[in-house]
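All ligand and atom numbering here is 1-based and tracks the order in the structure. Just so it is clear, the values below take in all heavy atoms, side chains as well, and ignore hydrogens, waters and symmetry mates.
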Amino acid sequence: MYRSHSCGELRPSDTNKEVTLSGWVQKTRDKGFMIWVDLRDRYGITQLMFDEERTSAKVIEKAKTLGREFVIQVKGTVIERESKNANIPTGDIEVLVSELTILNESIVPPFTIEDQTDGGEDIRMKYRYLDIRRNPVKNNLMFRHQVGMKIRNYLSQEGFIEVETPYLIKSTPEGARDFVVPSRMNEGQFYALPQSPQTFKQLLMVGGMDKYFQIVKCFRDEDLRADRQPEFTQIDCEMAFVEQEDILNIFEGLTRNLLSEIKGVEIGNFPRMTYDEAMRTYGNDKPDIRFDMKFGELNEVAQHKDFKVFNDAELVVGIAVPSGASYTRKEIDKLIDWVKRPQVGALGMVYAKCNNDGTYKSSVDKFYDQDDLAKWAEVTGAKPGDLICVLSGQSHKVRAQLSALRMELAERLGLRNPEEFAPLWVVDFPLLEWDEDTERYHAMHHPFTSPKPEDIALLDTNPGDVRANAYDLVLNGNEIGGGSIRIHDKETQALMFDHLGFTPEEAKAQFGFLMDAFQYGAPPHGGIAFGFDRLVAILGGQETIRDFIAFPKNNNGRDVMIDAPSNIDTEQLKELNIQLDL
Ligand code: ASP
């Protein structure tokens with residue numbers, strides 16, 4: 001028996017017990033006549049004591065050879081500590097050791113395995129197994145497990161069945177690139193790893209499973225933006241005989257339940273906002289509504305003077321920064337530089353200070369008088385003491401720029417409190433999205449999303465105006481879930497493929513299996529998928545998903561620990577019939 005107790009378990013009530021513990025040596029303190037060792041396992045730390053007077057000389061001698069991260073087993077007696085440590089749950093006791101076995105030695109670890117480590121990100125990733133021994137990482141993984149269990153319980157109680165779907169499939173078009181896997185047995189042919197189980201879960205509905213879920217790995221070969229992973233986990237769900245309302249209700253319930261049980265935060269009905277409203281009010285389809293700074297569109301009150309920049313713009317739009325009137329000239333110039341960074345891309349920024357005495361001072365006083373500026377204040381909701389920041393240009397660009405500024409300012413003003421939770425549904429997304437590069441419409445969500453019936457007629461005339469039965473769940477400025485009511489008849493699906501530029505032959509070659517299935521009594525259905533990694537990170541009060549993944553990839557999509565991706569040998573390539581022209 002390696003242990004009778006864990007290292008997090010013993011209390012004063014265990015005094016005088018004979019115990020056996022196993023774990024890692026976190027640190028040793030050798031005072032000559034006495035040696036103390038902090039012994040660690042997943043459950044905590046227990047102090048061991050080797051005392052010249054009470055422990056045999058042989059054991060003491062062995063104890064002196066212990067180094068950091070040695071794996072040991074000890075037998076001993078629980079005694080009350082003289083100087084107690086209130087910081088750890090086992091801090092009132094220690095174990096007086098009588099026997100010591102070294103189960104395995106360790107070379108000196110490349111960083112200290114403590115909460116505050118001296119190891120940088122790169123080295124910790126290379127030795128991730130050591131990093132996982134540290135509380136911050138270990139606790140995150142345990143937290144992830146807990147959230148996963150709650151989700152499984154909730155959905156099971158609601159009648160959902162977890163069904164596994166295959167990883168070696170044919171490409172699912174979700175807008176990103178597929179990872180592909182060559183097939184040895186089918187020369188020259190490839191599987192794709194699923195970007196999501198989308199078509200399979202729809203087929204499960206045709207199969208009568210009624211309510212499906214799966215906590216499942218998905219793979220997308222995208223250029224990695226900060227904090228994206230090429231493989232990530234979704235809580236994937238689908239339901240038959242439902243309308244949008246049914247789906248929103250179940251998943252609002254799930255989210256409310258998680259917030260209540262994990263964070264102790266009670267939230268009533270989640271607000272809903274149309275995509276259009278979100279874009280107009282926050283410049284973003286995943287607005288952070290924990291704070292205000294709503295957009296005020298200023299065209300009407302700013303395009304009547306000689307200021308050419310505004311007059312030429314499709315949209316003039318501003319926000320009121322709380323207490324921003326006190327910013328110095330230098331601070332404002334810095335803000336202007338910030339919006340002009342290539343990542344944001346604004347050409348400049350106009351501002352107006354709302355002085356506490358009710359007057360205004362703007363960067364365009366030459367063009368606008370006090371009455372004009374008072375109107376700007378009214379439209380942006382600026383109060384005395386605030387600063388109005390105004391951007392102008394092409395609508396979609398300007399909205400994105402002002403949204404970036406709004407988030408940056410909120411961060412600086414401390415308005416993005418990770419312990420505050422503001423979920424909302426964004427609904428009525430456009431069905432199609434114009435792609436400048438390919439000069440074609442793409443499905444904004446995916447090609448299986450149904451148009452709103454009342455908008456179908458617009459498909460031929462104004463495709464960009466057709467709204468979809470699609471929705472996103474947004475939490476604190478993050479999209480944590482998205483889904484839609486699906487097309488469930490062959491004709492509408494064919495119409496959709498047609499509008500996406502597929503010939504009937506191409507549609508049949510790629511999605512024939514789905515269109516075939518739709519001919520055998522496909523029920524009306526719809527679903528949603530939550531990003532599990534991000535949800536866990538947000539509930540954990542952090543925004544970096546990497547910290548909640550046991551073995552994440554770095555920003556170049558590499559696993560630096562196992563050194564993947566890597567070359568494979570010629571034999572393997574030959575077997576796969578792949579020739580590399582290097
Ligand atoms: N498959 C979709 C996605 O991954 C979610 C859904 O429509 O259910 O975004």
Side-chain angles (χ1 to χ4, degrees), residues 151 155 160 162-167 169-179 192-206 209-222 225 228-240 242-252 254-255 275 285-286 425-433 442-452 467-475 478-488 493 496 500 510-511 514 522-535 545:
I151 292 168
L155 291 174
F160 286 78
E162 184 159 22
V163 182
E164 288 167 275
T165 52
Y167 282 158
I169 66 163
K170 187 165 156 149
S171 107
T172 32
E174 306 257 0
R177 246 176 249 115
D178 288 321
F179 281 102
L193 298 180
Q195 294 186 33
S196 86
Q198 185 61 37
T199 48
F200 287 97
K201 65 173 170 173
Q202 294 192 239
L203 293 170
L204 285 171
M205 295 303 106
V206 181
M209 283 310 292
D210 203 67
K211 289 177 179 169
Y212 141 93
F213 88 102
Q214 185 181 191
I215 299 189
V216 61
K217 271 290 173 74
C218 300
F219 307 84
R220 296 187 187 173
D221 188 5
E222 291 174 292
R225 282 185 257 148
R228 282 261 180 122
Q229 289 283 318
E231 55 176 299
F232 57 96
T233 306
Q234 283 192 340
I235 310 160
D236 191 47
C237 306
E238 197 76 6
M239 302 166 80
V242 286
E243 293 170 342
Q244 172 167 313
E245 201 56 36
D246 301 305
I247 296 186
L248 300 198
N249 281 336
I250 296 264
F251 291 93
E252 183 165 322
L254 169 65
T255 312
Y275 170 87
D285 61 5
K286 43 180 167 66
W425 290 104
V426 176
V427 297
D428 294 357
F429 274 79
L431 183 71
L432 303 166
E433 183 178 38
H442 283 263
M444 186 147 184
H445 187 49
H446 51 54
F448 317 111
T449 295
S450 68
K452 285 200 178 284
R467 290 166 305 159
N469 274 320
Y471 33 80
D472 275 359
L473 181 63
V474 175
L475 181 57
N478 297 283
E479 180 207 323
I480 60 161
S484 60
I485 297 297
R486 327 296 185 190
I487 297 167
H488 66 279
Q493 191 63 69
M496 186 66 187
L500 294 171
Q510 263 211 54
F511 305 111
L514 188 70
H525 61 285
I528 193 165
F530 278 17
F532 183 54
D533 311 286
R534 170 122 309 121
L535 178 64
I545 67 173

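The shortest N/O to N/O separation between Ser484 and ligand 1 does not fall below 3.5 Å. Some N or O of His445 is nearer than 3.5 Å to an N or O of ligand 1, by distance alone. Considering both main-chain and side-chain atoms, Gln195 never comes within under 3.5 Å of ligand 1 through any nitrogen or oxygen pair.
Ring centers of Phe511 and Phe448: under 6.0 Å apart, within the cut-off.
The Gly483 neighbourhood of ligand 1 comprises atoms 6 (C), 7 (O), with distances under 4.0 Å to a heavy atom of that residue. Of all atoms in ligand 1, numbered sequentially from 1 with element shown, those under 4.0 Å from a heavy atom of Lys201 are 6 (C), 8 (O). Ligand 1 places these atoms under 4.0 Å from at least one heavy atom of Ile528: 8 (O). Close approach to Gln234 involves these atoms of ligand 1, each under 4.0 Å from a residue heavy atom: 3 (C), 4 (O). Near His446, with a cut-off below 4.0 Å to any heavy atom, the atoms of ligand 1 are 2 (C), 6 (C), 7 (O). Remark: ligand 1 atoms within the under-4.0 Å shell around heavy atoms of Gln198 are 1 (N), 2 (C), 5 (C), 6 (C), 7 (O), 8 (O). Every atom of ligand 1 with a heavy atom of Arg220 under 4.0 Å away is listed here by number and element: 3 (C), 4 (O). Close contacts of ligand 1 with Gly482, meaning ligand atoms under 4.0 Å from a residue heavy atom, involve 5 (C), 6 (C), 8 (O).
For the residue pair Gln214 / Thr165, a side-chain donor-acceptor distance below 3.5 Å is found, with atom types taken as modelled.
The shortest heavy-atom distance from Glu479 to ligand 1 is not under 4.0 Å. Heavy-atom separations between Arg486 and ligand 1 include at least one value shorter than 4.0 Å.
Partners of Asp472 according to the salt bridge (charged side-chain N to carboxylate O under 4.0 Å, His left out) rule, which considers only residues two or more places apart in sequence or in another chain, do not exist here. Under the salt bridge (charged side-chain N to carboxylate O under 4.0 Å, His left out) criterion, Arg228 pairs with Glu222, not counting sequence neighbours.
Interatomic distance, Met209 CE to Glu238 CD, rounded to the nearest 0.5 Å: 12.5 Å.
The pair Lys217-Glu231 meets the salt-bridge criterion, with a side-chain N (NZ, NE, NH1 or NH2) lying under 4.0 Å from an Asp/Glu carboxylate O. Ionic pairing of Arg220 and Asp178 is not present here: no N-O contact between side-chain nitrogen and carboxylate oxygen is shorter than 4.0 angstrom.
Residue Glu162 places its CD atom among more than 12 non-hydrogen atoms of other residues, nucleotides or ligands, all under 6.0 Å distant.
Residue contacts with ligand 1 for Ser196 involve side-chain atoms from C-beta outward but no N, CA, C or O (heavy atoms, distance under 4.0 Å).
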Quiz item: Can you check ring pair (Phe, Tyr, Trp, His ring centres under 6.0 Å) on Tyr167 and Phe219, steps first, answer last?
Solution: CA-CA 9 Å; Tyr167 282 158; Phe219 307 84; 5.7 Å; yes
